[in-house]
Amino acid sequence: MATPKIILYTNHGCPWAHRAHIALAELKLPFEEKIIDLTVPRTPEYLKINPRGLVPALSFNSEILTESSVVSNFLADAYPSHLLPASNEPGAALLRARIAFFADTFISKLNGIFFKAQFAKTDAEAESFANEYVDVAVKELEPLLGNAAPFFNGSDKLTQAEVLTGSFALRLFTLPKHGVVPEHILTDLSTKAPNFYRWVEAVSKHPSVTGIYNEEAVVAWAKKRAALARASA
Ligand SMILES: N[C@@H](CCC(=O)N[C@@H](CS)C(=O)NCC(=O)O)C(=O)O
């Protein structure tokens with residue numbers, strides 16, 4: 001495929017937009033970046049690009065795509081690679097289904113609990129969500145990562161499973177030490193869900209995942225939002 005003209009409308013603090021950055025980095029696709037300021041109302045120009053007003057949005061040869069999973073899966077499908085095999089390759093349909101199930105499980109069963117722990121109204125509530133996170137990781141994620149090496153399904157390179165979940169794994173691995181969530185969440189995971197912990201650690205060190213991450217800014221934003229949640233209790 002000829003080099004496409006790609007524009008990514010993004011904000012580096014957004015874990016959903018971060019998914020598109022991981023895909024673009026792994027696929028080594030050149031792109032122009034337009035940072036959308038999320039602290040002010042979206043401009044009429046941006047609302048024409050994404051009427052929902054959210055990031056990310058992708059312009060691919062002037063075709064607009066929105067929603068991070070749609071954007072990331074489109075990129076992986078347009079450029080079959082180590083991330084995701086084309087669906088007509090032998091064995092690919094099954095692997096694609098396994099990756100989709102992993103990402104769905106991470107996002108639908110686990111991820112929301114991390115945000116609840118971050119923005120809990122009391123320390124006791126944060127503790128309870130941290131413990132719930134560990135329990136769900138043990139039950140739902142640990143069995144899916146038995147053959148991670150260190151990435152999904154025995155891969156030594158990132159896959160689409162990590163594209164869709166890496167930004168959240170990175171926050172899990174980096175935020176506890178700042179007191180944003182109870183610190184024991186990581187030590188508990190390392191003993192109770194060792195496959196999951198090793199995978200989180202490997203994902204969180206990968207340059208395609210860490211590339212746009214500004215830990216200090218994410219911590220500052222999380223602390224501000226947590227203070228607001230507690231003040232409204
Ligand atoms: N389901 C969307 C969620 C994207 C999303 O929530 N983006 C946030 C930033 S992390 C946003 O644009 N928020 C703007 C707002 O709510 O005004 C996706 O996966 O793309």
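Start at 1 and go down the list; that is how both ligands and their atoms are numbered. It should be emphasised that the depicted structure is a prediction, and the values quoted were computed from it without experimental measurement.
- Taking a 4.0 Å cut-off on heavy atoms, R42 registers as neighbouring ligand 1.
- In this structure, atom 9 (C) of ligand 1 lies nearest to the protein heavy atom C14 SG, 3.2 Å.
- Protein heavy atom at the shortest distance from atom 12 (O) of ligand 1 is V55 N, 2.9 Å.
- Under the 4.0 Å criterion applied to side-chain N and carboxylate O atoms, E215 and K177 are assigned as salt-bridge partners.
- Considering backbone and side-chain atoms together, L54 places no N or O closer than 3.5 Å to any N or O of ligand 1.
- One finds the CG atom of L158 at 7.0 Å from the CG atom of L83 (value rounded to the nearest 0.5 Å).
- Only the side chain of L38 comes within 4.0 Å of ligand 1, counting heavy atoms alone; its backbone N, CA, C and O stay farther away.
- Taking a cutoff of 4.0 Å between a charged side-chain nitrogen and a carboxylate oxygen, K28 and E26 do not qualify as a salt bridge.
- Here T165 contributes atom OG1 and H18 contributes atom NE2; the two are 11.0 Å apart, rounded to the nearest 0.5 Å.
- The contact set between ligand 1 and P56, taken as ligand atoms under 4.0 Å from a residue heavy atom, comprises 20 (O).
- Looking at every heavy atom in both residues, V138 comes nearest to A193 through CG2-CB, 4.1 Å.
- The N/O atoms of E67, backbone and side chain alike, include one that comes under 3.5 Å of an N/O atom in ligand 1.
- Regarding atom 6 (O) of ligand 1, its nearest protein heavy-atom neighbour is W16 CD1, 3.8 Å.
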Inset, instruction - Evaluate the criterion ring-ring contact (aromatic ring centres under 6.0 Å, His included) for residue pair Y9 and W16; output intermediate values, then yes/no. - result: CA-CA 12 Å; Y9 299 86; W16 303 104; over 10 Å; no

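- The option from P41, S69, S68, A20 that lies nearest to atom 20 (O) of ligand 1, judged by heavy atoms, is S68.
- With salt bridges taken as basic N to acidic carboxylate O contacts below 4.0 Å, none links K116 and E125.
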